[in-house]
Structure formats: C-alpha cells, structure tokens
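As structure tokens, the structure follows; a few thoughts come after it.
Naming: A, B, ... by sequence-line order, numbering from 1 per chain. Computed from heavy atoms alone, side chains included, the values below leave out hydrogens, waters and symmetry copies.
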Amino acid sequence: MSHAPVYDPQEVETRWQQRWTERHTNEPELDRPARPFYNLMMFPYPSAEGLHVGNMFAFTGADIYGRFQRLQGYDVFEPIGFDAFGIHSENYALAVGTNPAQLIPRNIDTFRRQLRRFGGMFDWRHELSTTDPAYYKWTQWLFLQLFKANLAYKKRAAVNWCPKDKTVLANEQVINGRCERCDTPVEQRSLDQWFFRITDYAERLLRNLDTLDWSESTLALQRNWIGRSEGAELVFTTPAGQAITVFTTRPDTVFGATYLVLAPEHPLVEALTAGEQRAAVRAYQREVQSRDVVARRVGEKVKTGVFLGSYARNPATGEAVPVWIADYVLMEYGTGAIMAVPAHDERDHAFATQFGLPIRQVVQVEGEQGAALPSVTEDGVLMNSGRFDGLACREGGKRIVAWLAEQQVGTPRVQYRLHDWCISRQRYWGPPIPIIYCDRCGPVPVPERDLPVLLPPIEDFRPDDSGVSPLARHTEWYNVPCPHCGSPGRRETDVSDTFLDSSWYFLRYPSTEFADRPFDPARTRTWLPVTSYIGGNEHAVLHLLYSRFITMVLKEQGHVAFEEPFPKLRAHGLIVKDGAKMSKSRGNVVIPDAYIKQWGADTFRMYLMFLGPFQEGGDFRDEGITGVRRFLEKVWVLAHDAAGQADARPPEAVERKLHQTIRKVTGDTATLNYNTAIAAMMEYVNVLREHGAGSGSSVRPLVLMLAPYAPHLAEELWSLLGGGDRSVFEERWPAYDEGLAQAGDVEIAVQVNGKLRARLQLPRGASQDDVVALALADAGVKKFVDGNPLRKIVYVQDRLVNLVV
RNA sequence: GCCCGGGUGGCGAAAGUGGUAGACGCAAGGGACUUAAAAUCCCUUGGGGGCAACCCCAUGCAGGUUCGAGUCCUGCCCCGGGCACCA
C-alpha cells in the first residue's frame, strides 16, 4: 500500500522551473568550459498564434539530446532566439493594421512563456532576436563584408507584381497565378536587386557534403538543389556570323539537333528576328512577360513558341537549323539557349510534333525499335552521326566534344541548378541594406561605424505602387549625404531577406553580450562549430545552404577558423494532423498549451516522443497521452515507496533488467530513438512492479534515465531519493554492466525445415550437441522429424537450432 | 517525370550484421475492489480451425536467393515529402 502523495505536475513543474532560474541551472560557464557541447535547434519565427505542436516536438527532441549530453558530463550550451523579421510578420501586421515593431514583442513574450513552460534547458542569458538593432547591426555588417569581397552585386531580375494592390509579392503570396489578397492575375516586373554570388561556391558546397555527418534525407535534398550536371557548350553560327551558344548534357546527340530554341528574354532575340516575324515575336515576348514568375514554371506544359525567321549552322552536321523562342527555355539556366533533339528529349519532341519540325533519330537502344521513339537513356549506340556511328553514347559524346573543340565550337562545361541568392526585398520589415547611392560615386557602402542603419518607425509601412520599399517615402531617412564625397545621396530602400538574418544566428548566440563585435573570437573558438544541430527538413535547402555559404565566406576572410558550421545535423520528422501537414488554412494546427495545462509538460513531452520515431514524425492524436501519464504516475509511486525503505540490492531478475534497460536507453537516446527508449523504461517499471516495488538502488538509475525526458519529475524524485539540493542534471548518467545484463537462461528456438516447432529454456552457452539432443527428445519436434535422417543442422549459439530433414 | 522516406494487428508502433513477427502503449472485452461510478489492479485480445496439447494462414502485390526473408535481389502497386519545362 503506497502512501505517495498525489502527483500534481503543475505544482512540481512551476516549482522546478523557478529553481532553475534562481540557481542558474541551465547557464553553462561560457569562457572556460571543461567539455563544451553546443546544442542547437532551429530558432522559431514568433507567429501571432504562438508555439505550435510541431515546434514543441522539434524542441523537445533537441532538448532531450542536450540534457542527455549534460548527464554525460558535457557543458551543454542550449540557446534559443527568435527569427522575427520577414514577410509573415509583416503580412500579419498589415492584416491587423499595427506596426510589426509593436506586434513582435508581444508574440515573443508568448513564445518565451511557452518555451519556459515546456521545460527546455535554455540559457536565457543568450536569447536573441533578429529584429534587435544590436543583432541586425551585424547582419548589415555581414552584407558589407560580402560587398567588399565583390560577392554582392546588383542585377535586374523579375519579381511578382500585383497590378491592383500595386505591390511586389513574394512567391508564396501568388496562388495559381493570382494575388492571394485580391485575386488579381499577377505580372512580372523587372527590378534592380542585390544578389550574393553563392554559385561561385557551388562546387565546394556540394563536395563538402561528403564530409558532413548529416541525415541522408537532408544531404539528398541539398545535392538535388545544387543540381550539378556535366555537359558541354556548343556554338551554332548564323550566316551573319552571330554565335549562339547552347548548353547540353547530351553532346552525343548533336547530330540530331534539328532546331534551336532561345529563352524569350535572350539578348540575341532582337538581332535574330527577321522583319516579317517582328510583330509575332514581340507579341509572344509580351505574353510571356504578362505571366507571373511562378506560373512560368508550374503552368500547363503545353508548348508554345515562335519562329524567329532565321537559321544557324549545326556545328556537327553543317546544316542550317531554324531558330525559335519558347518559354520552356529558361534564361536563368545554362546559356538561355538549347539545341533541340526531338528524337531523344521529351520536351523537344512535344515541341517538334506541335510545330512540324524534323525529328532525327541518332541513338539506337537495344530492344527499342522505331525512329520516332524519344529515348533519353545513356546506354545506347550512336547512329546517323557520321564517323561517330556505332560508338556508345558516353564515349561518343566525349569524342564529339573533343572534335568540336578543335574547331573552337565546343567546350566541356559543368552547370549547376543553384542560382545566385537574391537578398533584396521591397518591403518594410527587415534590416535595411546598408548602401547609399551617390550620383558621383555610385553605390557606396555605409561605413561600419555608422551601423546599424536603423529601420525607421514609420506609420504607413504598406508596400506601394512605386515598386520600391515603403522606406522610400520616409524622406528624412532616405536622403543622406554620400559617405564618400558628401554630395546628396539616397539610401537603398530595400531590406534584406530573412534568410540572411538566420544565416549567422548560431555565431551570435555565445557572444550576445558583446556590443562591439558580431562574435567574440575566443567564444567562437570555444563553442563553434555547432556540436549538434537538430531541425526540420523544411530548411534543408535555403537556411542550411545559406548558412554554409556565409560561413565559407567568413572563413575566407579570416573571421572564423572553420568552413562548415554544422558538422552534425539530424532532421526530425514532421508532425501531421489527420494525415495532413498542419497549417492555418487547413485549420488543423494544434496548440500545446491546453495539453500542458491538463497533463503537464513532462507528460506532453514524453507523449510527443512516444508517438513514433523522432526522425520520422507522425500523426498527432491525443488518445495515447494517458498511457504516458500512467507511466509517470507509476514512477512517482515507485520512487515514493523506495524513499521510505532501506536501500537493498535488487533481486537478480530486477538487476538484470535494470542493466539491460540502461544499455538500451543509453543507446537509443544517443541515436534519437526516443520512442523505443521510453518503451524500455516502461518495461523496466513493469518488472519492478511485478517484484513488488523498487529500492533506491533500482529506482535512482531510472530517475536519471528519465531526466532528459521528464526533467521536472526527475528533479523532484531525485531530491526525494537523497539528491539533496543538487540538481539531477549535476549528476552522471548511470553505467551498465554487460555481465549483469546477460541473461542466465536463454530461450532457444527449435526449427524443423525452417519452421518453429519448439522452444527450449537452457542455460546460456549450451553446446550444439546438447541442444540437438534435447530438441530431438521434444515430442513436437519428433513428430516433424518423423524418423527421417538429419540432412543438415544449422546452429546459432544461444538463439536457435534448425534441423533440416 | 526525377530524388528522398514509408506500407507490419482495431490504432500508434517494435523487431543490433537474414535467425522465436507484433516489444511498449492506446482502444476494446471480461473480472476484482466499490452502494455506485471514476481511479486502480488482474486476465484476454493478428486471422482461421480444434474440447484439447496443437495445427494452418499472416509484415502492400508477384517472383527469386537461402536451412531460414518484415529484413537481401528483380519487377510492380499505393501513401507522404521535396524538386519540377534545369536542356
């Protein structure tokens, strides 16, 4: 009969959260840590709705890992902050008609309260927000470093434009080619925008991936995004001598190139258009432009295009092939021009069929017959290709490029899908790009001593029809003297992309108290690169790629000593609701507050982790939560009972299970298999209860193992079991003894012809002869052996024996 | 279309290198305690057959390798996520 008091999670949890704050439990020594461990999780964007279950799932998983490492004896630094700039905040602010500068602090307050309540091991001394001038001063500084290194440049690029709202739209604000607010069809506009030369680093970004300990899924996403392809640039020449350079990954098929297609924006279009085609070409260019940036890509794949009225010479065949423009060729990739091989490319085939262009087969694939078959495989043999006939595609391609290179009309070439990073946003809610335009000096960087360029607190932050940021209306702010020559200048009015804010926040955390430097060299040496990064694959490409790029640049400039910020990264799974991603529009977003109130943070944390494998995610259903709560109550009672008893050595069966459990939980926690670690602890509790109850020596290790998962409860029970005033997180993770974990008896499966027929309970280490003899003596086995001679015996020590007859 | 994950009981899920499928939990059914209910505790629970001890069938589908396949190989189907006219 237990005399344990009632488990009241609210009371226990608030009490321990207070103590953690008072005693600075979660604040490691940053300057002289013995064993630094930087435990990073992806900082949230503080939405008005508050932290949702998806955030909590991610943070809990990362927090368990941090707490586990702390119990291993590391000085764990687990910071948190807020990614509070950006279009989401701004759109919400527009919707409610309040300046985001007023809204964001409120949202952050809510998040801070929720993050404390769930029991994260956060070092709040080092909280940061990207909207804090003390932070974005250094975001602007970062821009200046790239500018000075000639890695930032300005270029005209298309943006989405809503003609009714007269504003620039982000891609995510365009729904089916229409403005998400007013449903007006969106157009393209060309604006001068700032870009970072991330493509200069494409090869390094790709190659380094092989050295990183990352989730396979994240690596794959990043490799695809960088999108390396090998091919060649080939030159087609017009009778007038104009060279049209195309990029192809299949130079082996050049003999089948029966026409050329340029992107409608290609600079040569004007010069290549014959007089009689002028009107049609203009009309087509206008039509393409009238579509938004998104529709150009995801629109129907019906091929459209116009003949320019001119021809160019195929460098391989010497024949004149017609030159077209079509929107299926993109200016941003390759050279903006392609040679079309309709016999072996689906898109070219569709286009050629539609416009009656010739199709010539140049690859024969074994087993495939017929000239009209568009085969894109590489394991074919060349045909209709002059002296290259009969060569395998790969080999033939190489020789054709070499041959064309001799004539100066071919070069091997590697292409990346990755584009330069456009960081300009014609918006209000971001860090102003620190550039001043001067008529005499051109674009002049704001001197570092003048940073930050403060975002002015303006009344009307609505984007307007000028196509420039609302900041342009703030004349006091906008008009400044040129830092070079002092003549009247104008500020850059675009702000930078939020991804720039988040591309370096991990460098800032250990150094938040330094106002005069972005990151302190000594602190950075101690704490970086990040020891463990846990986050979702929604950031697999943009954030994780930009952070790597920025770190490479900082390394080159001597600001940091490493070029990969996250040597170890694990992607967690997605929490879905009723089989679908949670989103405001679906109305299936789960807010954790009510669950924490009803069940307590410890129960809710464990429930989220018990739902399924952390790295796979799962469907949120609240039915199972009661099982976790029951488990914690059992632990509560066991600990209270044990606290009142003499500390006896547990019975053998309990001791064995204990050591097996420590082994299992240690391994599973280290590999983020939290669901099975929890199951193992449940099994152990079941065994303890079967043996009546536990003593201190059998319950204390359980409390330690539970601590990362249910930190408040563990603290409470640890102090009850003699921990005194010390936090359980000052203790060490329990060790297991392999000998004690080994079972005395084992169950050996007996199979006849691979089918299970009996099980034998035997002492560990029984010999094959003994096992076979005992197996043959078993009535059930005898029946199936049926007097036949044994043809073969398969014996696996302490596991099974298979008798083959 | 391409690239990643997945498909196992009523449900969430377990099964180091091929070796006793379904641990752990939920739900459900039965029982104990109770005036009663809740809570708690005990038992049952993949499907089928048999009074039984046992037997047969079962890890998306179809083949294959093996003494033995949820696990490996080949070809499909379905679901989730990412990219998407990238030449």
Side-chain angles (χ1 to χ4, degrees), chain A residues 2 215-225 227 229 231 246-250 253 257 261 296-303 326-330 332-341 344-348 350-351 376 415-419 537-538 540-541 571 573-574 576 579-581 607 610-613 615-628 630-631 633-634 637 664 667 673 675-686 689 747-760 779-780 783 791-796 799-805:
Chain A
S2 172
S215 293
E216 258 324 303
S217 57
T218 316
L219 289 172
L221 285 164
Q222 217 164 87
R223 286 196 183 102
N224 281 345
W225 188 263
S229 1
V246 302
F247 173 73
T248 177
T249 54
R250 294 299 301 273
T253 63
V261 188
R296 165 81 175 266
R297 295 166 178 278
V298 297
E300 292 165 55
K301 305 283 166 76
V302 175
K303 293 286 178 287
D327 69 348
Y328 83 92
V329 175
L330 308 173
E332 316 86 86
Y333 185 77
T335 60
I338 61 151
M339 63 173 204
V341 185
H344 304 291
D345 181 278
E346 253 179 85
R347 296 153 302 182
D348 297 344
F351 192 84
V376 288
Q415 261 299 323
Y416 300 92
R417 236 191 45 142
L418 183 69
H419 295 349
N537 264 342
E538 67 271 21
V541 285
L574 200 67
V576 298
K581 206 164 154 176
Y607 166 63
F610 192 51
L611 203 82
Q615 294 180 77
E616 282 170 34
D619 206 347
F620 182 87
R621 289 165 207 274
D622 45 20
E623 290 108 44
I625 197 165
T626 170
V628 172
R630 278 180 203 151
F631 165 69
E633 297 211 355
K634 287 173 192 170
V637 170
K664 175 82 176 154
N673 292 114
N675 56 333
T676 48
I678 293 169
M681 290 189 272
M682 287 174 166
E683 281 189 59
Y684 178 56
V685 163
N686 291 343
R689 286 159 53 85
E747 193 177 66
I748 295 177
V750 180
Q751 297 180 341
V752 178
N753 292 338
K755 280 194 183 255
L756 180 72
R757 295 303 177 190
R759 299 157 211 257
L760 300 172
K783 187 166 74 185
R791 288 199 291 123
K792 187 174 178 182
I793 295 168
V794 181
Y795 181 68
V796 183
R799 282 210 85 108
L800 66 68
V801 63
N802 186 11
L803 308 173
V804 185
V805 296

The test is side chain to side chain contact (heavy atoms under 4.5 Å, CB included); show your working for R689(A) and K634(A) and say whether it passes. CA-CA 9 Å; R689(A) 286 159 53 85; K634(A) 287 173 192 170; 3.7 Å; yes
Checking A87(B), G19(B), G12(B) against the side chain of Y333(A) (C-beta onward), the nearest is A87(B)
Is the phosphate of C4(B) approached by R223(A) (side-chain N or O, under 4.0 Å from OP1 or OP2)? no
Atom CG of N802(A) to atom P of U20(B): distance rounded to whole Å? 12 Å
Is it the case that the base of G19(B) and the side chain of Q751(A) share a donor-acceptor contact (distance under 3.5 Å, atom types as modelled)? yes
d(CD, E216(A); P, C3(B)) in whole Å: 15 Å
What is the ring orientation for Y328(A) with F351(A), classed by angle as parallel under 30°, tilted 30 to 60°, or perpendicular over 60°? tilted
Spacing between E538(A) atom CD and C83(B) atom C1', to the nearest angstrom: 16 Å
Side chains of T248(A) and R250(A): closer than 4.5 Å at any heavy-atom pair? yes
Without decimals, in angstroms, what is the distance between F610(A) CZ and A23(B) C1'? 10 Å
On RNA chain B, compare the nucleotides closest to R799(A) and R417(A); which residue's is nearer the 5' end? R799(A)
With the side chain of F247(A) defined as its heavy atoms from C-beta on, choose the nearest nucleotide among C26(B), C85(B), A87(B). A87(B)
Span that lies between the C1' atom of A15(B) and that of G64(B), in whole angstrom: 24 Å
Among C4(B), U20(B), A87(B), the one nearest any side-chain atom of V329(A) is A87(B)
Among C4(B), A13(B), C54(B), the one nearest K783(A) by side-chain distance: C54(B)
Side chain of R630(A), heavy atoms from C-beta onward: which of C41(B), C67(B), U40(B) has the nearest atom to it? U40(B)
Which comes earlier along RNA chain B counting from the 5' end, the contact point of L756(A) or that of N224(A), where each point is its nearest nucleotide? N224(A)
Distance check, C1' atoms only: C67(B) and C54(B), in whole angstrom units. 24 Å
When the P atoms of G7(B) and A87(B) are considered, how many whole Å apart are they? 32 Å
Can you tell me, in whole Å, how much space there is between the P of G5(B) and that of U74(B)? 15 Å
Atom-to-atom span, CG of N753(A) to P of A69(B) - whole angstrom: 12 Å
I'd like the C1' distance from A14(B) over to G46(B), given in whole Å. 15 Å
Which whole-number value in Å describes the distance from D348(A) CG to G1(B) C1'? 15 Å
Short side-chain N/O contact from T676(A) to OP1 or OP2 of C24(B), under 4.0 Å: no
In whole angstrom, give me the gap between the C1' atoms of G6(B) and G70(B). 13 Å
Roughly how far apart, to the nearest Å, are G29(B) and U20(B) at atom C1'? 28 Å
For C57(B) and C4(B), measure between their C1' atoms and round to the nearest Å. 35 Å
